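Some notes on the structure that comes next.
Values in this document were obtained by computation on a predicted structure and should not be read as measured data.
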Amino acid sequence: ACEIYSDVDGVYDADPNVCPQATLLSEIDYETMQHMAAAGARVLNAQAVEFARKAGIQILARKTADTSGRQTRISADAKVEVGHVTAVVGAPDASLMHGPIQDVSSLLEDVERLGATVLAMATTQSGVLLVNRAQIPGKEHRGLEAVALAHGIRAEEVCALTLVGAGLMAVVSQVLGQLNDAKIVHTMLGASDGAIALVVASESLDQA
């Protein structure tokens, strides 16, 4: 096992600084934790979680000098609740790259080389790529703008909201309905059983 001590007592289902009702997750499977880290949760590094998964190392996230026993255990045998949103992650430093993408593979390689994380993509006549810039040194957007220019597409700064869990295709309509009821303008860019990725206005990110 790898024990990680910090100033928080584990991994929460949302940022407690934004959502006072956020609760501690006592256990998470590797895949869900990787989705959360890639989406912008700052507790663990996605590559570190992948290394732990391949090596069969469980991760225990705890608070330094806390003897209460509160912690989050990340492992392969963590209970997974299907059709349930495990966590919500906001990324204020995201970019939306869009236009006629000619070489998807080359574009993804260039984005990855910068250190950015792809949150969602659609390759139609006009492709769309939603990218989290948090891993780029200084959260620079100019690097992504240069990449976009080289590929003949555009990059604009946006905010992203990612819902992580299992069997999430069953709750997409409910999620969109809740955002509509709250009058939060949003665009859904990707949905799978593991994650739902949306673009929201910067002033609405915390509310979303």
Side-chain angles (χ1 to χ4, degrees), residues 1-64 66 68-94 108 111-112 115-121 130-135 160-176 178-179 188-198 205 208:
C2 173
E3 300 180 7
I4 298 179
Y5 292 87
S6 66
D7 58 352
V8 292
D9 49 6
V11 182
Y12 282 73
D13 57 6
D15 185 347
N17 295 314
V18 175
C19 304
Q21 74 273 36
T23 58
L24 180 72
L25 298 168
S26 60
E27 61 177 7
I28 313 175
D29 63 292
Y30 291 118
E31 185 176 4
T32 300
M33 188 66 247
Q34 280 181 274
H35 276 308
M36 290 176 63
R42 297 184 292 272
V43 182
L44 294 173
N45 179 278
Q47 286 79 10
V49 177
E50 172 65 6
F51 179 89
R53 184 188 67 80
K54 289 181 177 178
I57 300 170
Q58 71 170 339
I59 301 172
L60 303 171
R62 299 169 175 160
K63 187 174 183 178
T64 306
D66 187 346
S68 67
R70 288 170 61 83
Q71 65 175 17
T72 299
R73 179 176 65 90
I74 299 100
S75 68
D77 60 353
K79 181 181 178 182
V80 177
E81 190 173 346
V82 179
H84 173 74
V85 175
T86 301
V88 180
V89 183
D93 300 301
L108 291 175
V111 168
E112 184 178 328
T117 304
V118 176
L119 299 177
M121 67 176 293
L130 179 60
V131 177
N132 183 11
R133 302 194 307 272
Q135 302 300 326
L161 185 74
T162 304
L163 289 74
V164 180
L168 296 189
M169 292 300 294
V171 300
V172 169
S173 60
Q174 181 184 352
V175 167
L176 299 182
Q178 287 177 326
L179 292 173
M188 188 179 74
L189 288 188
S192 66
D193 271 352
I196 301 172
L198 306 106
L205 180 61

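Atom OG1 of T117 is separated from atom NE2 of H35 by 12.5 Å, given to the nearest 0.5 angstrom. Taking CG from D66 and OH from Y5, the interatomic distance works out to 10.0 Å, rounded to the nearest 0.5 Å. The CG atom of D29 lies 10.0 Å from the CG atom of D77; values are rounded to the nearest 0.5 Å.
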Q | Derivation and outcome, side-chain contact (heavy atoms from CB on, under 4.5 Å), residues Q34 and R53 | A | CA-CA 10 Å; Q34 280 181 274; R53 184 188 67 80; 4.0 Å; yes

Q | Working for side-chain contact (heavy atoms from CB on, under 4.5 Å), residues M33 and I28 | A | CA-CA 6 Å; M33 188 66 247; I28 313 175; 3.9 Å; yes

Q: Kindly determine whether L176 and I196 satisfy side-chain contact (heavy atoms from CB on, under 4.5 Å), including the steps that lead there.
A: CA-CA 10 Å; L176 299 182; I196 301 172; 5.8 Å; no

Q: Test E27 against K79 for salt bridge (Lys or Arg N to Asp or Glu O under 4.0 Å), laying out the working first.
A: CA-CA 7 Å; E27 61 177 7; K79 181 181 178 182; over 6 Å; no

Q.
Is there a side-chain contact (heavy atoms from CB on, under 4.5 Å) between I4 and L60? Walk through the geometry before answering.
A. CA-CA 6 Å; I4 298 179; L60 303 171; over 6 Å; no

Q: Take R42 and D15 through the salt bridge (Lys or Arg N to Asp or Glu O under 4.0 Å) test and state the conclusion after the steps.
A: CA-CA 9 Å; R42 297 184 292 272; D15 185 347; 3.7 Å; yes

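Taking a cutoff of 4.0 Å between a charged side-chain nitrogen and a carboxylate oxygen, D9 and R70 qualify as a salt bridge.
A side-chain contact (heavy atoms from CB on, under 4.5 Å) with L168 is found for exactly one of V85, V82, V175, T86, namely V85.
Among all heavy-atom pairs drawn from A46 and A38, the shortest one is CB-N, 4.2 Å. Scanning all heavy atoms of the two residues, the minimum distance from M36 to Y12 falls at CE-O, 3.7 Å. Contact record, A116 with V131: CB-CG1, 3.2 Å, taken as the closest heavy-atom pair. Counting all heavy atoms, side chain and backbone alike, N132 lies closest to A91 at OD1-CB, 3.9 Å. Of all heavy-atom pairs spanning L130 and A197, the tightest one is CD2-CB, 4.3 Å. For the residue pair N45 and A37, the shortest heavy atom distance occurs at C-CB, 4.2 Å.
Looking only at distances, a side-chain donor or acceptor of T72 sits under 3.5 Å from a matching main-chain atom of L25. Under a 3.5 Å cut-off, the side chain of D13 and the backbone N or O of A22 do not form any donor-acceptor pair. One N or O on the side chain of R133 and one on the backbone of A94 form a donor-acceptor pair closer than 3.5 Å. For T64 (side chain) and S6 (main-chain N/O), a donor-acceptor pair under 3.5 Å exists by modelled atom type.
The side-chain heavy atoms of V111 and V118, taken from C-beta on, include a pair separated by under 4.5 Å. Side-chain contact between M121 and L108 is present, with heavy atoms from C-beta onward closer than 4.5 Å. Side-chain contact between V88 and T162 is absent, with no heavy atoms from C-beta onward closer than 4.5 Å. Here the side chains of V171 and L163 are not in contact, with every heavy-atom distance at 4.5 Å or above.
Side-chain contact, S75 with R73: a donor N or O sits under 3.5 Å from an acceptor N or O.
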